[in-house]
Amino acid sequence: MDVCIIFSLYIQTHSTFVGWVFLRCFKRWWGFTKTIPKLHVISTNQQNSTDLLDVLRCIYPYVDAIHLREKRLHAYELETILNQIKQAQIPMEKIIINDRIDMAYMMKTKGVQLAYHSPSTKLVSNEFTSLIVGKSVHTLEQAKQAEEERADYVLFGHVFPSQCKMNQPHQGIEALAKVVKALHIPVIAVGGITHENVRHVLNTGVAGIAVMSGVFMAKQPAEAAKMYQRLLYGGDDDEQLL
């Protein structure tokens, strides 16, 4: 099909959800899609900057994305940590910042993770095209809305009981499977994912997993990250790890 015809069709529909889907297909055809990480780790918002950096230095080779979920930090403090991450030669291409679109854009990180209180997914996706834009969701309806608003992926959970969500009911494997089946964008599972239940999660068809305490609070964070990596990507001695 002539490229001019393709662009003409897109221009006619660009303001609609159909137009967005058409553009995603066009980008995939021409190789312009954003790469969505498979193995995500999320900081706990409980460690001081020194401990956080110590963990990041040892785990970054084994994970695809590092979410900075440091809600207590002001912009300047977040900038300081990001500069320290740069100095430690941890690639900015692996960093995803929760909520702070301004810092993600200015520091040229991989992307931003939006919450319910963040600016609209559609606005961020339209205005910050260099970032991958994820949306945290807890229901099928929220996931569908995030897709309609042009999120690049959704973070769905929490799937299992989790230390950071102890007072909230978990969603469960069946709910996760329904979201995966309903959406056309990648679904990343989060919440209570351990080395023992990773395979149950992967059987739903998810595009990846996100881990918080399973890595950041582990006695040996690097070894924990390596094991998640092995289980996610496969390895000759998978069975010996469980």
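Values below: every heavy atom of this structure, side chains too, minus hydrogens, waters and symmetry copies.
Contact annotation: the side chain of Ile95 approaches that of Met92 to within less than 4.5 Å [non-hydrogen atoms, C-beta and beyond]. Ile96 is not listed as a side-chain neighbour of Ile66, based on a closest heavy-atom distance of 4.5 Å or more. A 4.5 Å side-chain heavy-atom check between Val198 and Ile209 finds at least one atom pair inside the cut-off. Residues Lys144 and Leu183 have side chains in contact (heavy-atom distance under 4.5 Å, counting atoms from C-beta outward). For the pair Met212/Arg69, a side-chain contact is recorded, criterion being any heavy-atom separation below 4.5 Å from C-beta on. In this structure the side chain of Val154 never reaches within 4.5 angstrom of the side chain of Gln142, judged on heavy atoms. Between Leu68 and Asn98, the closest side-chain pair of non-hydrogen atoms is not below 4.5 Å.
Lys38 and Asp64 are not joined by a salt bridge, as no carboxylate oxygen comes within less than 4.0 angstrom of a charged side-chain nitrogen.
Judged by distance alone, with hydrogens and angles left aside, the side-chain atoms of Asn45 form a donor-acceptor pair with the main-chain N or O of Lys71 at under 3.5 Å. In terms of modelled atom types and a separation under 3.5 Å, the side chain of Asn197 and the main chain of Gly192 share a donor-acceptor contact. Judged by distance alone, the side chain of Ser125 and the main-chain N or O of Arg150 form a donor-acceptor pair under 3.5 Å. Within the 3.5 Å criterion, the main-chain N or O of Tyr60 finds a donor-acceptor partner in the side chain of Lys94.
Residue His67 is tested with Val41, Val190, Ile42 for a side-chain contact (heavy atoms from CB on, under 4.5 Å); the sole match is Ile42. The only option from Ile173, Leu176, Thr194 that meets the side-chain contact (heavy atoms from CB on, under 4.5 Å) definition with Phe160 turns out to be Ile173.
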Passes ring-ring contact (aromatic ring centres under 6.0 Å, His included), Tyr228 versus His40? Steps please.
-> CA-CA 10 Å; Tyr228 279 111; His40 301 238; over 10 Å; no
Taking it one step at a time, do Glu79 and Leu82 satisfy side-chain contact (heavy atoms from CB on, under 4.5 Å)?
-> CA-CA 5 Å; Glu79 178 189 357; Leu82 286 166; 5.6 Å; no
Trace of the side-chain contact (heavy atoms from CB on, under 4.5 Å) decision for Val133 with Thr121 | CA-CA 7 Å; Val133 179; Thr121 309; 4.0 Å; yes
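Gln145 and Glu149 are linked by a side-chain donor-acceptor pair at a separation below 3.5 angstrom, with hydrogens and angles left out of the test. Inspection of the Ser49 and Gln84 side chains reveals no N or O donor paired with an N or O acceptor under 3.5 Å. Ser136 and Gln113 share a donor-acceptor pair across their side chains, judged by distance under 3.5 Å alone.
Residues Val215 and Val206 are members of one and the same hydrophobic cluster, defined by side-chain heavy-atom contacts under 4.5 angstrom among Ile, Leu, Val, Met, Phe, Trp and Tyr.
We find the CD-OG distance between Gln46 and Ser213 to be 9.0 Å, quoted to the nearest 0.5 Å. One finds the OH atom of Tyr153 at 7.0 Å from the CD1 atom of Ile188 (value rounded to the nearest 0.5 Å).
Listed by chain and residue number, His138, Phe156, Ala175 satisfy the side-chain contact (heavy atoms from CB on, under 4.5 Å) test with Gln171 (two or more places apart in sequence, or in another chain). Annotation: ring-ring contact (aromatic ring centres under 6.0 Å, His included) contacts of Phe128 (sequence neighbours excluded): Tyr105. With sequence neighbours excluded, the residues that form a side-chain contact (heavy atoms from CB on, under 4.5 Å) with Glu223 are Gln220, Lys226.
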